[in-house]
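Structure record follows, encoded as C-alpha cells.
When a residue number appears, it is its place in the shown sequence, counting from 1. This structure is a prediction, so every number in the text was calculated from the model and none was measured.
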Amino acid sequence: MADKITAEKLFNTLVETMAAEKPKSVSFFEEEKSSSVSSQFNRLFGRQKPLHNLLGGGKSADVLLWRNKKISASVLTAATAIWVLFEWLNYNFLTLLCFALVLGMLAQKPAKVPRFVLPEDYFVNIATAIGAEVNRGLRVLQDVACGGNLKQFLLVVFSLWAGAVIGSWCNFLTVIYVGFVAAHTLPVLYERYEDQVDNFVYKVLGEMRNNYRKLDAGLLSKIPKGKLKGKKFE
C-alpha cells in the first residue's frame, strides 16, 4: 500500500506542477460573466502576472512578443540566415569570417573611410552578461537540488532529460536555432490564444490523471509487492 500511494503522489506532483488549480466548468449563461475571473486564476503554473512581465518586461520581451514587428522579423530572419549558412550550405565560422573580412577590405580600399573600432567596454559587457547568466543558472540548479521541493526537482530533471534526448537527434546549432524560433513564436501565439491553450492543457492533464488512476486500479494495484523487514535496534 505504501508503494502505491508513493507512485500516485509522484505522478500528481508532475501534474500539479503544470496546473496549480483545475478550472471549474460553468454554464452557458455564466460563461461570459466568469471569463474574466477564470482568465486571472486558471493559468499555467498558477501565474498571475502578464506574460510580458514574466519575460522580463524590457526590450527583449517586446521582441519576443512582436511589439515591434520589424525588429522581431529582422532578428528572426538573421537567425534563419545564419542557420542556413552553417547547416545547409556547410559553411564554417572561420570561412565565413574570412570572406566577410575580405569583402570589408575591398569595400574600404578605394575611398578614405573612418577607422572602424569597437569599444573595449562592449566585449567586457558581453562577457559580464554571459558570466552572470551562467552563474544564475548554476544557482538555480543548486537551489532546486538542495531546496527540498520535489515538484521543482522533478520538473528540472524532466527538462534536462528532454534536452538530452533532443540533443541526440540533431547538432547543437540546430537545437539553438529551434529554441530561438520557439522563443520568438510560442510566446506570441500563447498570448493571442491564452484561454484556449490553458483550457486544452488542463483537459489533457485531467485525462492523464484519470487514465493513470484507471491503470493503477486495474493493473498496478494487482502487482504483488514485497515487504521490507528491517532490524530493530534498541
Side-chain angles (χ1 to χ4, degrees), residues 6-23 41-58 60-66 72 75-76 79-80 82-83 86-87 129-213 215-216 220:
T6 303
E8 185 173 358
K9 285 184 177 180
L10 289 176
F11 179 80
N12 290 334
T13 53
L14 291 174
V15 175
E16 291 173 358
T17 304
M18 297 294 297
E21 183 180 356
K22 185 179 180 180
F41 295 98
N42 297 326
R43 295 305 181 195
L44 293 181
F45 306 104
R47 66 177 182 84
Q48 297 180 355
K49 296 181 179 180
L51 186 60
H52 187 271
N53 293 342
L54 294 179
L55 294 176
S60 59
D62 294 338
V63 173
L64 295 177
L65 295 176
W66 292 72
S72 300
V75 172
L76 189 58
T80 303
I82 293 173
W83 180 74
F86 288 107
E87 186 66 19
I130 294 176
E133 292 299 326
V134 171
N135 289 330
R136 187 174 67 174
L138 293 177
R139 285 196 300 267
V140 170
L141 293 178
Q142 290 177 347
D143 293 340
V144 171
C146 303
N149 191 329
L150 181 60
K151 292 189 292 185
Q152 289 184 355
F153 180 79
L154 292 177
L155 182 60
V156 172
V157 170
F158 177 78
S159 301
L160 294 176
W161 175 80
V165 172
I166 294 174
S168 64
W169 296 343
C170 49
N171 56 29
F172 182 71
L173 179 62
T174 302
V175 172
I176 294 297
Y177 175 70
V178 171
F180 191 84
V181 173
H184 283 76
T185 54
L186 295 181
V188 64
L189 291 176
Y190 176 71
E191 187 182 41
R192 179 173 298 181
Y193 304 103
E194 195 171 11
D195 297 333
Q196 293 87 338
V197 173
D198 288 345
N199 292 332
F200 175 76
V201 172
Y202 279 115
K203 289 180 181 179
V204 172
L205 293 176
E207 291 295 331
M208 291 174 58
R209 180 177 295 179
N210 293 333
N211 293 332
Y212 175 79
R213 289 176 178 174
L215 179 64
D216 187 31
L220 299 181

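Between Asp143 atom CG and Leu138 atom CG the span is 10.5 Å, to the nearest 0.5 Å. A distance of 13.0 Å separates CD of Glu191 from CG of Leu186, quoted to the nearest 0.5 Å. Atom CD1 of Ile176 sits about 12.5 Å away from atom CD1 of Ile82, to the nearest 0.5 Å. We find the CD-OH distance between Glu207 and Tyr202 to be 16.0 Å, quoted to the nearest 0.5 Å. Here the straight-line distance linking atom CG of Asn135 with atom CD of Gln142 works out to 9.5 Å at 0.5 Å rounding. Taking CZ from Phe200 and CG from Leu205, the interatomic distance works out to 10.0 Å, rounded to the nearest 0.5 Å.
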Would you sort out whether Val75 and Phe180 count as a side-chain contact (heavy atoms from CB on, under 4.5 Å), showing the intermediate values? CA-CA 10 Å; Val75 172; Phe180 191 84; 3.3 Å; yes

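When the side chain to side chain contact (heavy atoms under 4.5 Å, CB included) test is applied to Leu173, the partners found at least two apart in sequence or on another chain are Trp83, Phe86, Glu87, Asn171.
Using a 4.5 Å heavy-atom cutoff, the side chains of Thr174 and Trp169 are not in contact. The closest side-chain heavy-atom distance from Val181 to Leu76 is below 4.5 Å. Within the 4.5 Å cutoff, the side chain of Phe153 has no heavy atoms near those of the Asn149 side chain.
Closest of all the heavy-atom pairs between Leu64 and Ala183 is CD2-O, 3.3 Å. The nearest pair of heavy atoms linking Ala182 to Pro187 is O-CD, 3.4 Å.
Looking at Trp66, its side chain never comes within 3.5 Å of a backbone N or O of Thr185 through a donor-acceptor pair.
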